[in-house]
Participant: 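Handing you a structure now.
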Amino acid sequence: MKIYLFRHGETDWNRARRLQGQSDIPLNEAGRELAVRTSQAVAQIPFDRAYTSPLSRARETARILLGDRDIALEGDERLKEMHFGEHEGADFDAAKRPGSGHPLQDFFCRPQSYVPPSGAESIQEAMARGRAFLEEKILPLEGECENILVVAHGALNRCILSAVAEIPLERFWQMGLPNCAASILSLQQGKFSILEESRVYYGEEKNARP
(Lines give C-alpha, C1' and ligand atoms only; values in the text may rest on other atoms or scores of the structure.)
Protein backbone atom coordinates (compact mmCIF):
# COMPACT_ATOMS: atom_id res chain seq x y z
CA MET A 1 0.00 0.00 0.00
CA LYS A 2 1.15 3.54 -0.75
CA ILE A 3 0.45 6.66 1.27
CA TYR A 4 0.79 9.97 -0.57
CA LEU A 5 1.61 12.50 2.15
CA PHE A 6 1.13 15.98 0.67
CA ARG A 7 1.87 19.40 2.05
CA HIS A 8 -0.78 22.05 1.38
CA GLY A 9 -0.50 24.70 -1.34
CA GLU A 10 0.94 28.18 -0.85
CA THR A 11 -0.58 30.81 1.45
CA ASP A 12 0.18 34.50 1.86
CA TRP A 13 2.05 33.68 5.07
CA ASN A 14 4.20 31.13 3.21
CA ARG A 15 5.10 33.81 0.72
CA ALA A 16 5.83 36.34 3.47
CA ARG A 17 7.93 33.76 5.36
CA ARG A 18 5.75 33.81 8.44
CA LEU A 19 5.27 30.83 10.74
CA GLN A 20 1.68 29.62 10.46
CA GLY A 21 1.38 26.84 12.99
CA GLN A 22 -2.28 26.19 13.75
CA SER A 23 -3.39 29.66 12.64
CA ASP A 24 -6.01 29.01 9.97
CA ILE A 25 -4.48 30.81 7.00
CA PRO A 26 -6.20 30.03 3.66
CA LEU A 27 -4.58 29.22 0.33
CA ASN A 28 -3.79 32.15 -1.93
CA GLU A 29 -4.47 32.04 -5.67
CA ALA A 30 -0.96 30.79 -6.40
CA GLY A 31 -1.51 28.01 -3.87
CA ARG A 32 -4.74 26.98 -5.54
CA GLU A 33 -2.97 26.93 -8.89
CA LEU A 34 -0.23 24.68 -7.49
CA ALA A 35 -2.91 22.33 -6.18
CA VAL A 36 -4.72 22.28 -9.53
CA ARG A 37 -1.53 21.53 -11.44
CA THR A 38 -0.66 18.82 -8.95
CA SER A 39 -4.14 17.33 -9.18
CA GLN A 40 -3.74 16.99 -12.94
CA ALA A 41 -0.50 15.05 -12.45
CA VAL A 42 -2.06 12.61 -9.96
CA ALA A 43 -5.44 12.32 -11.68
CA GLN A 44 -4.86 8.66 -12.57
CA ILE A 45 -3.94 7.51 -9.06
CA PRO A 46 -6.93 5.55 -7.73
CA PHE A 47 -7.07 6.83 -4.16
CA ASP A 48 -9.13 4.60 -1.87
CA ARG A 49 -9.25 6.86 1.19
CA ALA A 50 -8.45 10.52 1.88
CA TYR A 51 -7.49 12.28 5.10
CA THR A 52 -6.70 15.91 5.82
CA SER A 53 -5.76 18.35 8.52
CA PRO A 54 -8.91 20.33 9.33
CA LEU A 55 -7.08 23.64 8.74
CA SER A 56 -8.52 25.30 5.64
CA ARG A 57 -5.28 25.46 3.62
CA ALA A 58 -4.90 21.68 3.87
CA ARG A 59 -8.58 20.88 3.47
CA GLU A 60 -8.92 22.95 0.29
CA THR A 61 -5.73 21.42 -1.14
CA ALA A 62 -7.09 17.93 -0.46
CA ARG A 63 -10.39 18.70 -2.16
CA ILE A 64 -8.59 20.01 -5.23
CA LEU A 65 -6.31 16.96 -5.34
CA LEU A 66 -9.27 14.60 -5.11
CA GLY A 67 -11.02 16.24 -8.05
CA ASP A 68 -14.15 14.35 -9.04
CA ARG A 69 -13.27 11.13 -7.21
CA ASP A 70 -16.22 9.86 -5.20
CA ILE A 71 -14.31 9.61 -1.91
CA ALA A 72 -15.22 11.07 1.46
CA LEU A 73 -12.59 13.45 2.85
CA GLU A 74 -11.99 12.78 6.53
CA GLY A 75 -10.50 15.46 8.77
CA ASP A 76 -8.22 14.43 11.62
CA GLU A 77 -7.05 16.81 14.37
CA ARG A 78 -3.75 14.91 14.63
CA LEU A 79 -2.80 16.17 11.16
CA LYS A 80 -2.83 19.83 12.20
CA GLU A 81 0.42 21.74 11.96
CA MET A 82 2.66 22.03 15.03
CA HIS A 83 1.39 24.59 17.51
CA PHE A 84 3.67 27.54 18.31
CA GLY A 85 1.48 29.43 20.76
CA GLU A 86 1.86 33.19 20.81
CA HIS A 87 4.73 33.02 18.33
CA GLU A 88 2.57 32.01 15.40
CA GLY A 89 2.99 34.64 12.73
CA ALA A 90 6.70 35.04 13.57
CA ASP A 91 9.12 35.99 10.81
CA PHE A 92 11.30 32.96 9.94
CA ASP A 93 14.39 35.01 9.17
CA ALA A 94 14.17 37.11 12.32
CA ALA A 95 13.73 34.01 14.47
CA LYS A 96 16.72 32.28 12.85
CA ARG A 97 19.06 35.26 13.01
CA PRO A 98 22.17 34.45 15.12
CA GLY A 99 22.09 36.16 18.46
CA SER A 100 18.43 37.10 18.16
CA GLY A 101 17.48 35.26 21.32
CA HIS A 102 14.14 34.43 19.75
CA PRO A 103 12.25 31.63 21.57
CA LEU A 104 12.00 29.70 18.29
CA GLN A 105 15.65 30.05 17.26
CA ASP A 106 16.50 26.51 18.41
CA PHE A 107 13.49 25.15 16.54
CA PHE A 108 14.97 26.37 13.26
CA CYS A 109 18.70 26.12 13.98
CA ARG A 110 19.12 23.38 16.62
CA PRO A 111 15.90 21.35 16.63
CA GLN A 112 17.48 18.69 18.86
CA SER A 113 17.70 21.36 21.58
CA TYR A 114 14.29 22.96 21.05
CA VAL A 115 12.26 23.54 24.20
CA PRO A 116 8.84 24.94 23.28
CA PRO A 117 7.82 28.21 24.91
CA SER A 118 4.74 28.23 27.12
CA GLY A 119 1.63 27.27 25.18
CA ALA A 120 3.56 25.75 22.26
CA GLU A 121 4.07 22.12 21.23
CA SER A 122 7.30 20.15 21.20
CA ILE A 123 8.58 18.27 18.16
CA GLN A 124 8.24 15.04 20.13
CA GLU A 125 4.57 15.76 20.87
CA ALA A 126 3.87 16.40 17.18
CA MET A 127 5.72 13.21 16.24
CA ALA A 128 3.62 11.25 18.72
CA ARG A 129 0.32 12.39 17.24
CA GLY A 130 1.58 11.82 13.69
CA ARG A 131 2.63 8.31 14.63
CA ALA A 132 -0.72 7.71 16.34
CA PHE A 133 -2.54 8.77 13.17
CA LEU A 134 -0.56 6.27 11.09
CA GLU A 135 -1.05 3.45 13.55
CA GLU A 136 -4.74 4.02 14.24
CA LYS A 137 -6.03 5.19 10.84
CA ILE A 138 -3.65 3.85 8.18
CA LEU A 139 -2.22 0.60 9.53
CA PRO A 140 -5.62 -1.18 9.66
CA LEU A 141 -6.15 -0.43 5.94
CA GLU A 142 -3.31 -2.69 4.76
CA GLY A 143 -4.78 -5.39 2.55
CA GLU A 144 -7.95 -3.39 2.03
CA CYS A 145 -6.61 -0.31 0.20
CA GLU A 146 -3.88 0.39 -2.35
CA ASN A 147 -3.47 4.19 -2.35
CA ILE A 148 -4.18 6.66 0.46
CA LEU A 149 -4.17 10.48 0.20
CA VAL A 150 -3.09 12.48 3.25
CA VAL A 151 -2.76 16.28 3.22
CA ALA A 152 -1.09 18.10 6.10
CA HIS A 153 1.70 20.62 6.78
CA GLY A 154 5.43 21.24 6.51
CA ALA A 155 6.58 20.68 10.09
CA LEU A 156 3.98 17.99 10.84
CA ASN A 157 4.91 16.06 7.69
CA ARG A 158 8.57 16.26 8.73
CA CYS A 159 7.55 14.84 12.10
CA ILE A 160 5.78 11.91 10.42
CA LEU A 161 8.71 11.21 8.10
CA SER A 162 11.21 11.50 10.95
CA ALA A 163 9.18 9.05 13.03
CA VAL A 164 8.85 6.55 10.16
CA ALA A 165 12.53 6.63 9.18
CA GLU A 166 13.91 7.30 12.68
CA ILE A 167 15.61 10.44 11.40
CA PRO A 168 17.49 12.21 14.24
CA LEU A 169 16.28 15.68 15.16
CA GLU A 170 19.61 17.15 14.01
CA ARG A 171 18.44 16.41 10.47
CA PHE A 172 14.87 17.64 10.92
CA TRP A 173 15.26 20.46 8.38
CA GLN A 174 17.50 18.55 5.99
CA MET A 175 14.62 17.51 3.77
CA GLY A 176 12.88 20.24 1.80
CA LEU A 177 9.09 19.99 1.69
CA PRO A 178 7.79 22.51 -0.86
CA ASN A 179 4.15 23.48 -1.06
CA CYS A 180 2.11 20.68 -2.65
CA ALA A 181 5.04 18.24 -2.55
CA ALA A 182 4.23 14.58 -1.92
CA SER A 183 6.30 12.24 0.19
CA ILE A 184 5.35 8.69 -0.73
CA LEU A 185 5.28 6.08 2.02
CA SER A 186 4.92 2.32 1.74
CA LEU A 187 3.12 0.04 4.17
CA GLN A 188 4.04 -3.63 3.87
CA GLN A 189 3.48 -6.32 6.47
CA GLY A 190 2.76 -3.73 9.11
CA LYS A 191 5.91 -1.67 8.51
CA PHE A 192 6.05 1.87 7.13
CA SER A 193 8.95 3.07 4.99
CA ILE A 194 9.69 6.07 2.80
CA LEU A 195 9.72 5.40 -0.94
CA GLU A 196 10.26 9.00 -2.04
CA GLU A 197 10.66 12.39 -0.38
CA SER A 198 9.19 15.62 -1.68
CA ARG A 199 8.05 14.80 -5.19
CA VAL A 200 6.94 18.02 -6.90
CA TYR A 201 4.56 17.71 -9.84
CA TYR A 202 4.35 21.34 -10.98
CA GLY A 203 7.88 22.56 -11.86
CA GLU A 204 9.97 24.92 -9.77
CA GLU A 205 9.67 24.27 -6.02
CA LYS A 206 7.82 26.77 -3.85
CA ASN A 207 8.76 27.45 -0.22
CA ALA A 208 10.83 24.32 0.30
CA ARG A 209 12.45 25.40 3.57
CA PRO A 210 11.93 28.00 6.31
Side-chain angles (χ1 to χ4, degrees), residues 2-84 88-92 121 126 129-130 132-134 137-138 141 145 147-161 175-185 196-210:
K2 290 182 178 179
I3 302 98
Y4 290 78
L5 178 63
F6 279 90
R7 185 186 176 198
H8 59 79
E10 187 186 69
T11 70
D12 286 345
W13 279 23
N14 286 146
R15 185 173 292 184
R17 295 183 57 73
R18 295 177 65 189
L19 185 67
Q20 294 178 114
Q22 295 185 5
S23 300
D24 199 5
I25 311 302
L27 296 180
N28 59 24
E29 286 306 313
R32 294 185 183 95
E33 175 62 23
L34 292 183
V36 168
R37 291 168 64 185
T38 301
S39 73
Q40 294 167 349
V42 302
Q44 301 308 311
I45 298 175
F47 292 120
D48 301 297
R49 300 284 181 90
Y51 300 90
T52 183
S53 157
L55 296 175
S56 62
R57 58 190 182 271
R59 189 173 64 247
E60 184 176 3
T61 299
R63 287 175 174 160
I64 293 171
L65 293 177
L66 281 176
D68 60 2
R69 295 176 181 84
D70 185 20
I71 303 173
L73 179 58
E74 182 176 339
D76 194 299
E77 291 287 322
R78 292 169 295 189
L79 293 175
K80 278 185 174 181
E81 182 58 297
M82 280 184 65
H83 184 44
F84 299 99
E88 295 191 355
D91 179 278
F92 285 129
E121 181 179 28
R129 59 181 168 91
F133 167 78
L134 291 180
K137 286 290 188 179
I138 306 301
L141 299 177
C145 300
N147 299 285
I148 307 295
L149 173 69
V150 180
V151 181
H153 305 269
L156 192 279
N157 286 7
R158 284 182 174 88
C159 287
I160 290 175
L161 294 170
M175 66 185 92
L177 291 180
N179 289 122
C180 273
S183 295
I184 304 171
L185 309 182
E196 186 172 354
E197 291 179 6
S198 301
R199 176 186 287 189
V200 171
Y201 295 89
Y202 55 77
E204 184 180 354
E205 296 180 353
K206 300 293 184 183
N207 304 303
R209 286 187 174 83

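Numbering starts at 1 and runs along the sequence shown.
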Participant: Give a yes or no answer on whether the side chain of Arg69 reaches the backbone of Ala43 with a donor-acceptor pair at less than 3.5 Å.
Facilitator: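 Checked: pair present.
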
Participant: Taking all atoms of both residues into account, what is the closest heavy-atom pair of Ala16 and Asp91, and its distance?
Facilitator: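 Heavy atoms only, the tightest pair is O-OD2, 4.5 Å.
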
Participant: May I ask you to decide if Arg129's main-chain N or O and Arg78's side chain share a donor-acceptor pair within less than 3.5 Å?
Facilitator: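 Flag not set: sc Arg78 to bb Arg129 has no pair under 3.5 Å.
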
Participant: Please determine whether side chain to side chain donor-acceptor pair (under 3.5 Å) holds for the pair Asp12 and Asn28, giving the CA-CA distance in whole Å, both sets of side-chain angles, and the decisive distance to 0.1 Å.
Facilitator: CA-CA 6 Å; Asp12 286 345; Asn28 59 24; 3.2 Å; yes

Participant: Starting at CG of Leu177, measure out to CD of Glu197 and round the result to the nearest 0.5 Å.
Facilitator: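 The CD atom of Glu197 is 7.5 Å from CG of Leu177, to the nearest 0.5 Å.
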
Participant: Check step by step if side chain to side chain contact (heavy atoms under 4.5 Å, CB included) holds for Asp76 and Ser53.
Facilitator: CA-CA 6 Å; Asp76 194 299; Ser53 157; over 6 Å; no

Participant: About how many Å separate CD of Glu204 and CG of Leu34, when rounded to the nearest 0.5 Å?
Facilitator: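 The CD atom of Glu204 is 10.5 Å from CG of Leu34, to the nearest 0.5 Å.
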
Participant: Side chain to side chain donor-acceptor pair (under 3.5 Å) between Ser23 and Glu88: does it pass, once the steps are laid out?
Facilitator: CA-CA 7 Å; Ser23 300; Glu88 295 191 355; 2.7 Å; yes

Participant: Before giving the answer on side chain to side chain contact (heavy atoms under 4.5 Å, CB included), spell out for Ile148 and Lys2 the whole-Å C-alpha distance, their side-chain angles and the decisive distance to 0.1 Å.
Facilitator: CA-CA 6 Å; Ile148 307 295; Lys2 290 182 178 179; over 6 Å; no

Participant: In Å, rounded to the nearest 0.5 Å, how long is the span from CD of Glu205 to CZ of Arg209?
Facilitator: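 Result: 8.0 Å between the selected atoms.
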
Participant: If only atom types and distance count, is the side chain of Thr11 paired as donor or acceptor with the main-chain N or O of Trp13 below 3.5 Å?
Facilitator: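 Indeed, once roles are kept as given, a pair shorter than 3.5 Å links the two residues.
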
Participant: With a 3.5 Å distance limit and no angle check, can you tell me whether Gln22 reaches the backbone of Glu81 through a side-chain donor-acceptor pair?
Facilitator: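 Present.
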
Participant: With no hydrogens and no angle check, is any side-chain donor or acceptor of Arg7 less than 3.5 Å from a backbone partner on Ala181?
Facilitator: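 Judged by distance alone, no pair lies under 3.5 Å.
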
Participant: Between Arg57 and Pro26, is there a donor-acceptor pair closer than 3.5 Å when you use the side chain of the first and the backbone of the second?
Facilitator: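 Looks like no, no N/O pair under 3.5 Å.
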
Participant: If you compare all heavy atoms of Pro210 against all heavy atoms of Arg158, which two are closest, and at what distance to 0.1 Å?
Facilitator: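 That would be CD-NH2, 4.4 Å.
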
Participant: Can you tell me if Asp24 uses its side chain to pair, donor with acceptor, with the backbone of Ser56 under 3.5 Å?
Facilitator: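 Side chain of Asp24 to backbone of Ser56: a pair is present.
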
Participant: Provide the closest heavy-atom pair for Met82 versus Ala155 in the form atom of the first, atom of the second, distance.
Facilitator: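 Shortest heavy-atom separation between Met82 and Ala155 comes out as SD-CB, 4.0 Å.
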
Participant: List the steps and the verdict of side chain to side chain contact (heavy atoms under 4.5 Å, CB included) for Thr52 and Leu79.
Facilitator: CA-CA 7 Å; Thr52 183; Leu79 293 175; 5.6 Å; no

Participant: Can any side-chain N or O of Thr61 pair as donor or acceptor with the backbone N or O of Gly9 at less than 3.5 Å?
Facilitator: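 Flag set: sc Thr61 to bb Gly9 pair under 3.5 Å.
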
Participant: For Phe84 versus Gly21, what's the shortest heavy-atom pair and its separation?
Facilitator: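 Where Phe84 meets Gly21 most closely, the heavy atoms are CD1-CA, 3.7 Å.
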
Participant: Show the nearest heavy-atom pair for residues Val36 and Ile64, with the distance to one decimal.
Facilitator: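 Heavy-atom minimum between the residues: N-CG2, 3.6 Å.
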
Participant: Any side-chain heavy atom of Arg49 sitting closer than 4.5 Å to one from Leu149?
Facilitator: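 In short, these two side chains do not touch, never coming nearer than 4.5 Å.
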
Participant: OH of Tyr51 to CG of Leu5: how many Å apart, nearest 0.5 Å?
Facilitator: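 Going from the OH atom of Tyr51 to the CG atom of Leu5 covers 13.5 Å.
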
Participant: How long is the straight-line distance from CD1 of Ile3 back to CG of Asn147, given to the nearest 0.5 Å?
Facilitator: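 That separation rounds to 9.0 Å.
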
Participant: Measure the shortest side-chain to side-chain distance between Arg199 and Ser183 over non-hydrogen atoms and say whether it is less than 4.5 angstrom.
Facilitator: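 They are not in contact (no side-chain heavy atoms under 4.5 Å apart), so the answer is no.
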
Participant: Carefully, step by step, assess Leu27 and Glu10 under the rule side chain to side chain contact (heavy atoms under 4.5 Å, CB included).
Facilitator: CA-CA 6 Å; Leu27 296 180; Glu10 187 186 69; over 6 Å; no

Participant: Kindly say whether His8 contributes a backbone atom to a donor-acceptor pair with the side chain of Asn179 at under 3.5 angstrom?
Facilitator: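 Between the backbone of His8 and the side chain of Asn179 there is a qualifying donor-acceptor contact (under 3.5 Å).
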
Participant: Show the nearest heavy-atom pair for residues Cys180 and Tyr202, with the distance to one decimal.
Facilitator: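 For Cys180 versus Tyr202, the nearest heavy atoms are CB-CE2, 3.8 Å.
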
Participant: Flag the pair Glu60 and Arg63 as a salt bridge only when some basic side-chain nitrogen lies within less than 4.0 angstrom of an acidic carboxylate oxygen.
Facilitator: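 A salt bridge is absent here (no side-chain N lies under 4.0 Å from a carboxylate O).
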
Participant: In Å, rounded to the nearest 0.5 Å, how long is the span from OH of Tyr4 to CG of Leu185?
Facilitator: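 The CG atom of Leu185 is 10.5 Å from OH of Tyr4, to the nearest 0.5 Å.
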
